[in-house]
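Taking it in order: structure first as structure tokens, then the write-up.
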Number of protein chains: 2
Amino acid sequence: MEDLTEMLKGTLEGCVLEIIGSEETYGYAITRRLNELGFTDVVEGTVYTILLRLERNGLVQVTKRPSGVGPPRKFYALNDAGREELARFWAKWQYVSSRIDRLRKGGR
Amino acid sequence: MEDLTEMLKGTLEGCVLEIIGSEETYGYAITRRLNELGFTDVVEGTVYTILLRLERNGLVQVTKRPSGVGPPRKFYALNDAGREELARFWAKWQYVSSRIDRLRKGGR
DNA sequence: TGCCGGTACTTCGTGATACCGAGTACCGCT
DNA sequence: AGCGGTACTCGGTATCACGAAGTACCGGCA
């Protein structure tokens, strides 16, 4: 699929939030997960900027753990604020995607 | 609904394309149409920048016509390139929204 | 006649976001 | 010692929606 970057703006962060919400994980693995979900062009740099933003905004709890196969990993888990933000994200997604689908089928 | 601007990035242009594709129309009316579709916070300035971009990218044909109730209107219609771009937009939307919905329901 | 509200478009600047590239660093294997 | 895979950081760029201000046309009303 051709370039999706513009369309992912505003949704990619929500996807990362959802992934973290379903299991405590770290940046490199999140990138791989997004890639296998179909977002093949998402690269590490993008995910890390999102993770730093989530951390700065106080939506996640971070734990550093040694890896055994490389440098230590920063594991991310949602806190209460993160879970609320995730719920808001899905509400927005539901709202936007339903309106766009409606526009697609004949509008009104 | 709270702020949707980030989530609309990359999709609002496609929505405008769809509206123009279904009927030849002009900026002010497109804004009202988007508002009644549920995108209540979209303002004229946003739509006009999109329209100028579409024109600059050669996706639309523009016709200026007097209005009778105000200044002349710039009517927009899709050309062949615009119809192709619209098709590409819906293909991308289909791709992205289906993956996100899949992520939402349990992932895999 | 003068002013106001609604219609209609333009332009400049701002903020948020995804992306890119380069760099740093840890590890096991050869 | 070097290499590839793992893992994170940082600085800069492009794109996009938005805000604010300005211009301009028109009808109606005091």
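We name chains A, B, ... by the order of the sequence lines, and we start the count at 1 in each one. FYI, side chains are in, hydrogens and waters are out, and symmetry mates aren't considered; it's all heavy atoms of this structure.
Taking atom CG of residue A:Leu12 and atom C1' of nucleotide C:dA16, one finds them 14 Å apart after rounding to whole Å. Whole-Å rounding puts the A:Leu4 CG to C:dC20 P distance at 12 Å. Note: CG (B:Leu52) to C1' (D:dC16) measures 14 Å, nearest angstrom. Between the CD1 atom of A:Ile50 and the P atom of C:dC20 there is a distance of 13 Å, rounded to whole Å. As rounded to whole Å, 14 Å separates atom C1' of C:dG5 from atom CD of B:Glu44. Following rounding to the nearest Å, A:Phe75 (CZ) and D:dA7 (C1') show an atom-to-atom distance of 11 Å. Atom CG of B:Asp41 and atom C1' of D:dG19 are 13 Å apart (whole Å). Here the P atom of nucleotide C:dC19 and the CD atom of A:Glu13 are 13 Å apart, to the nearest Å.
Residues A:Thr63 and A:Glu24 have side chains in contact (heavy-atom distance under 4.5 Å, counting atoms from C-beta outward).
Linking ILVMFWY side-chain heavy atoms closer than 4.5 Å, directly or via other members, places A:Leu4 and A:Val43 in two distinct hydrophobic clusters. A:Leu52 and A:Val47 fall into different hydrophobic clusters, defined by Ile, Leu, Val, Met, Phe, Trp and Tyr side-chain heavy atoms under 4.5 Å apart, directly or through other members.
The residues A:Arg33 and A:Glu18 are annotated as not salt-bridged, no charged nitrogen and carboxylate oxygen being separated by less than 4.0 angstrom. Ion pairing of A:Glu36 with B:Arg99 is absent here, as no side-chain N (NZ or NE/NH1/NH2) approaches a carboxylate O to less than 4.0 Å. With salt bridges taken as basic N to acidic carboxylate O contacts below 4.0 Å, one links A:Arg83 and A:Asp80. Under 4.0 Å is where a charged nitrogen must lie from a carboxylate oxygen, and between B:Glu13 and B:Arg53 at least one such pair does.
In the set D:dC8, D:dC10, C:dC9, D:dC8 carries the atom at the smallest distance from any side-chain atom of A:Tyr26. Checked against D:dT9, D:dC8, C:dA18, the side chain of A:Tyr28 finds its nearest nucleotide in D:dC8. The side chain of A:Tyr48 lies closest to D:dT9, out of C:dC9, D:dC18, D:dT9.
An OP1 or OP2 oxygen of D:dT15 is reached within less than 4.0 angstrom by no side-chain nitrogen or oxygen of B:Arg53. One finds no side-chain N or O of A:Arg32 lying less than 4.0 angstrom from the OP1 or OP2 phosphate oxygen of D:dA7. For A:Ser67 and D:dT6, the shortest distance from a side-chain N or O to OP1 or OP2 is not below 4.0 Å. Put simply, B:Arg73 has no side-chain N or O that comes within less than 4.0 Å of OP1 or OP2 on C:dT7. The shortest distance between the side-chain N/O atoms of A:Lys74 and the OP1/OP2 oxygens of D:dT9 is below 4.0 Å.
Interface remark: the A:Lys9 side chain does form a donor-acceptor pair with the D:dT15 base, using a distance-only criterion of under 3.5 Å.
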Assign a letter to each nucleotide of nucleotides 23-30 of chain D from its 5' end: B, base within under 4.0 Å of a protein heavy atom; S, sugar-phosphate only; -, no contact. -BBS----

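Residues A:Thr49 and A:Glu6 both approach DNA chain D. Their nearest nucleotides, taken by heavy-atom distance, put A:Thr49 toward the 5′ side.
For the pair B:Arg32 and B:Tyr28, the cation-pi test (distance below 6.0 Å, angle within 45°) is passed.
Residue contacts for B:Leu51: at a heavy-atom cut-off of 4.0 Å it reaches no nucleic acid atom on any strand shown. In this structure, A:Thr46 reaches the bases: a heavy-atom distance under 4.0 Å links it to at least one base atom across the strands shown.
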